[in-house]
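When a ligand or atom number is given, it counts from 1 through the structure's own listing order.
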Amino acid sequence: MRILVAVLLASGLQAQAPFLVKPYLQLGDAPLPVAEERLDLLWQAEDRDAAWSVEIRRPKGWVPQAAPTFRRMAAPPLPPHRIYRATLRDLAPGARVPYRVKRDGTVVFEAEAQARKAGTHRFLVTGDAAEGTSEQAAIARAMAAEHPDFVFFAGDLVYGRGRAAEYRARFFPVYNADDLPLMRSMPFLGVPGNHDVPWDLQRWPDTLAYFAYWSLPLNGPALRPGDPGAAPAVAGLHDAVLAAAGPAFPRMASYSFEYGGVHWTVLDSNEYADWESPVLKAWLEADLKVAQKAAWRVVALHHPLFQSSRSHFEDQWMRPLSPLLERYGVDLVFAGHVHNYQRTAPLRFAPTKVGRRGEPVEGRFTVDTAFDGKTVTRAHGIIHLVTGAGGAHLYDSKQGADRTSWQPWTRAFVSDRNSFTEVNVDGRTLHLRQLDAGGRELDAITLTK
Ligand SMILES: [Fe+2]
């Protein structure tokens with residue numbers, strides 16, 4: 001009898017619980033800063049009708065926003081569910097805006113959103129994170145303690161195969177927990193890695209969940225399903241995920257946006273995306289031209305161009321882009337894929353031998369040996385960062401301590417602990433720090449223009 005009561009109680013509570021995934025903020029299809037900022041608000045709920053509404057608080061009271069829309073996700077093994085989306089509109093740049101969600105007239109959720117800032121701001125970068133480890137949770141707590149304005153994930157967003165069920169188990173419970181309100185307070189952005197568009201795609205009907213669960217600018221190369229360079233999907237197997245993704249698939253794999261004087265170019269570096277192809281390269285060059293107006297230029301992708309770790313050392317297929325990025329004055333490249341932290345000196349690279357994917361890309365390096373990020377803060381060349389220690393098991397944990405194993409242009413290499421990157425941008429000064437789960441500083445540089 002006691003068990004029956006417990007079961008009834010549990011199922012009753014379940015029926016009352018309005019969310020499968022509580023509301024979380026996304027930049028949405030809003031690449032450029034505007035005087036009246038907006039943010040997308042997404043949440044997941046059971047697949048049945050309810051009257052949902054969203055309000056934001058203005059000086060004179062709560063103001064309803066346009067009615068939420070939803071797409072249905074019916075990819076097993078999760079039961080069919082709805083991905084709701086509302087847009088918070090007319091936000092003053094930089095404002096903290098209280099918002100609330102109602103279901104059938106009752107307030108069921110309340111939080112405060114950080115609107116995009118126009119100037120000084122703080123962002124965090126990490127990658128290779130949601131493996132469900134205690135280190136992932138510890139890094140998430142340390143990230144929240146830094147009170148960022150937004151967070152960027154450099155790929156391998158969720159392990160092991162970018163599946164909806166994995167987001168439910170390992171991503172949202174950590175980054176959108178009631179006691180760790182990261183995603184409901186600020187936008188999260190990301191780029192797919194090799195685990196998000198996995199090599200064994202045909203085994204998982206609920207993989208490619210990135211395209212359904214994230215809402216990011218749709219200003220990348222105009223790729224359609226099946227186009228060369230587009231993320232692949234298996235007809236019949238992935239129809240449900242693609243229906244839930246709508247226009248985000250495959251286009252949202254690459255995009256660009258601006259935040260507080262920084263232009264971000266986000267590239268899908270998975271093996272199917274050949275950035276030497278005319279369509280992709282033309283988009284990249286056009287985007288880097290637009291980026292000239294910004295004070296800082298950042299490229300973010302999953303597979304690093306330059307890094308010292310023995311793991312994935314030969315995954316160098318993005319290296320041939322270096323001359324183009326240098327020509328347009330890119331300052332920083334953030335990557336993941338390699339599960340540790342690494343920073344190069346500012347460098348330039350002229351490729352001389354490009355092999356097949358997975359073979360080394362050889363070339364001539366020009367290294368800025370004067371830059372130290374302390375007394376000499378003007379960089380000549382691009383600083384490449386690997387920040388793939390966000391929570392998954394570490395790679396080459398002893399190699400960071402063995403300087404003889406570093407490439408000659410590597411300046412920092414920490415592989416014995418999980419960590420994340422914090423960047424404070426203040427006009428033409430940029431402070432970058434690498435922090436561990438205890439908030440301890442592992443590396444720090446200042447860049448000026
Ligand atoms: Fe990876």
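Each of Tyr99, Tyr24, Tyr84 was compared with Leu41 under the side chain to side chain contact (heavy atoms under 4.5 Å, CB included) criterion, and only Tyr99 meets it.
In His302, the N, O or S atom that comes nearest to the Fe ion (ligand 1) is NE2. The N, O or S atom of His337 lying closest to the Fe ion (ligand 1) is ND1. When you scan the N, O or S atoms of Asp156 for the one nearest the Fe ion (ligand 1), you land on OD2.
Proximity of the aromatic rings of Phe249 and His238 is defined here by a centroid distance below 6.0 angstrom, and this criterion is not met.
Checking His195 against the Fe ion (ligand 1), every N/O/S atom stays at or beyond the 2.8 Å cut-off.
A salt bridge does not link Arg38 with Asp29: none of the charged nitrogens is closer than 4.0 Å to a carboxylate oxygen.
Within the 3.5 Å criterion, the main-chain N or O of Gly220 finds no donor-acceptor partner in the side chain of Ser254.
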